[in-house]
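Taking it in order: structure first as structure tokens, then the write-up.
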Number of protein chains: 2
Amino acid sequence: MNSTTALAELPQLARRTLSDTVYEALSDLLASGRLAPGDRLSLRQSAAALGVSVMPVREAVSRLAADGVLEVAPNRVIRVPVMGAAAFRALAETRIAVEGLAVARAAERRTATELAAIRRAEAAFRAEAEAARPDRARAVQLNRDLHFAIYGACGLAPLQEIIARLWLKAGPVINLDLRAHPERLLQGFALRRHAEALAAIEIRDGSGAAAAIAADIREAAAFIMARGGLRDAHEGD
Amino acid sequence: MNSTTALAELPQLARRTLSDTVYEALSDLLASGRLAPGDRLSLRQSAAALGVSVMPVREAVSRLAADGVLEVAPNRVIRVPVMGAAAFRALAETRIAVEGLAVARAAERRTATELAAIRRAEAAFRAEAEAARPDRARAVQLNRDLHFAIYGACGLAPLQEIIARLWLKAGPVINLDLRAHPERLLQGFALRRHAEALAAIEIRDGSGAAAAIAADIREAAAFIMARGGLRDAHEGD
DNA sequence: GCTAGTGATCTGTGATCACAGTTTGGGCGA
DNA sequence: TCGCCCAAACTGTGATCACAGATCACTAGC
């Protein structure tokens with residue numbers, strides 16, 4: 001029985017289908033803003049670009065579409081949705097509420113190990129943001145790492161999944177803005193909010209940490225909306 | 001320009017693909033508990049039963065799997081996940097947090113129209129629950145209608161989608177229990193909590209409404225967990 | 001009598017084909 | 001030269017085929 005018990009311990013090695021790979025590839029494209037809102041997507045072209053058949057792309061796209069990250073128009077045209085100002089605001093408010101929830105829980109329940117991981121992530125982001133010549137793509141990734149290091153300490157797996165989906169949905173518009181406006185002074189704000197959140201998490205101040213993250217999200221959203229790049233209704237191409 | 005503006009107003013009639021139909025059919029099966037945790041699902045058999053090819057079933061299943069409502073084991077076996085006690089508890093806590101959020105917002109922002117709809121839904125559920133010979137399936141549906149009538153007043157579409165997904169995930173285990181134990185006295189609890197929530201919503205008491213719904217969810221979860229039907233780890237068939 | 005091997009059958013996955021609908025570009029007419 | 005129309009090329013959707021791996025029942029061997 002020992003051997004079987006030992007065998008049961010080893011992690012089931014992930015079965016990686018082509019659909020999963022394509023899904024990740026498209027997710028990356030969306031999260032990094034290389035696929036901007038309004039961009040169209042062709043199954044056959046994507047399949048050809050990835051060197052696979054249309055089948056895996058179909059499954060990946062259907063999953064993305066189920067999450068609202070992509071949409072299939074009645075014309076049967078696949079594209080990344082153009083979010084109106086109202087929709088973007090609703091998404092931001094939802095993020096503030098849900099992520100605030102996760103942060104508050106994380107602050108109250110974090111272990112010493114998790115706190116250390118959060119500290120490392122904060123330091124890494126700070127280092128990149130304060131660098132003489134910061135790499136934007138890397139900064140975005142480190143920002144994401146920091147946020148999810150915090151959310152990972154909330155102890156609620158379903159909540160983390162929800163947040164991941166929200167980020168995927170918000171990714172294109174946020175990163176598109178980041179590409180269009182590199183001179184983003186927002187990083188100063190982000191740094192301050194992150195520091196506030198970290199300090200609150202250290203003293204297990206749930207509501208304080210939630211307030212910091214809420215401010216982080218709210219300021220970033222306000223920054224993007226101030227650009228006026230979001231139209232409402234009239235999806236005029 | 002008037003005509004085009006007017007035309008833009010009318011709702012794009014939903015383009016209904018076979019995949020969507022299959023998705024709804026499977027969702028119904030899951031939500032109603034006819035597909036119980038641990039049950040296996042065959043693409044070809046499902047396709048044959050529905051009178052379609054495997055293609056639409058594949059897409060529907062992949063979407064369900066992306067939501068965690070179904071799972072594909074490394075053996076490539078599709079089945080509805082067996083939730084351990086810990087996972088179920090985490091799901092319940094997430095529901096309490098997220099749905100509490102939605103209810104609190106709904107209580108504070110509900111319009112008179114929305115309040116009326118909530119009242120109607122509450123009355124409908126009460127009538128069915130207090131009937132001499134209540135129809136379980138119908139009671140479940142009315143309970144769902146009531147909850148979503150409330151959540152619909154929160155004004156945050158993304159939040160509603162999140163909750164719908166959570167319900168889909170919790171549906172199989174909850175309704176399986178409901179099938180196995182018809183003599184569920186929980187309806188008495190549910191009625192009281194619903195009344196409390198309605199009263200709080202009427203006076204725009206956000207935290208009160210959240211507390212009522214939280215109690216509703218918590219009691220239902222405790223009821224199910226008391227059955228001991230949820231194993232942890234060792235997915236012994 | 002019981003275990004180990006083995007073949008048939010079923011599984012999901014991926015590729016290819018077929019089709020109806022849309023879009024688009026070029027050519028014809030005014 | 002401008003506008004319309006038709007046809008070719010695209011779009012996603014669905015069905016069918018092909019394949020590797022897993023499962024299971026059966027049988028041969030100990």
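In what follows, every heavy atom counts, from backbone to side chain, and hydrogens, waters and symmetry copies are set aside. Everything numeric in this text was worked out from a predicted model, so none of it was measured.
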* If you measure from the Lys or Arg side-chain nitrogens to the Asp or Glu carboxylate oxygens, is any gap between B:Asp145 and B:Arg138 under 4.0 Å? -> no
Which donor-acceptor pairs under 3.5 Å do side chains of residues 158-166 of chain A form with protein atoms, sequence neighbours excluded?
| unit_1 | atom_1 | unit_2 | atom_2 | d |
| --- | --- | --- | --- | --- |
| A:Glu161 | OE1 | B:Lys169 | NZ | 3.2 |
| A:Arg165 | NH1 | A:Asp67 | OD1 | 3.3 |
| A:Arg165 | NH1 | B:Asp67 | OD1 | 3.4 |

* d(OH, A:Tyr23; P, C:dT13) in whole Å -> 16 Å
* **Residue whose nearest DNA chain C nucleotide is more 5′ - B:Arg40 or A:Arg40** => B:Arg40
* Length of the CZ-P vector between B:Arg76 and C:dG14, whole Å -> 7 Å
* For D:dG14, does either OP1 or OP2 sit under 4.0 Å from a side-chain N or O belonging to B:Ser19? -> yes
* Asked: Can you check whether A:Asn75 has a side-chain N or O nearer than 4.0 Å to OP1 or OP2 of D:dG12?
  -> no
* If you measure from the Lys or Arg side-chain nitrogens to the Asp or Glu carboxylate oxygens, is any gap between A:Asp216 and A:Arg95 under 4.0 Å? -> no
* Asked: Which of parallel (below 30°), tilted (30 to 60°) and perpendicular (above 60°) describes B:Tyr151 and B:His147?
  -> tilted
* Asked: Which residue lies toward the 5' end of DNA chain C, A:Val77 or A:Thr17, if each is placed at its nearest nucleotide?
  -> A:Thr17
* Determine the minimum heavy-atom distance between B:Ala47 and B:Ser53, stating which atoms define it. => CB-O, 3.4 Å
* Check each residue of residues 41-65 of chain A for a non-hydrogen atom within less than 4.0 Å of any atom in DNA chain D, then write out the ones that pass by number, or none. => A:Leu41, A:Ser42, A:Leu43, A:Arg44, A:Gln45, A:Arg58
* **Atom-pair distance (CZ on A:Arg16; C1' on C:dG12), nearest Å** => 17 Å
* Structure fact -> Between the CZ atom in A:Arg63 and the CZ atom in A:Arg58, the distance rounded to the nearest 0.5 Å is 14.5 Å
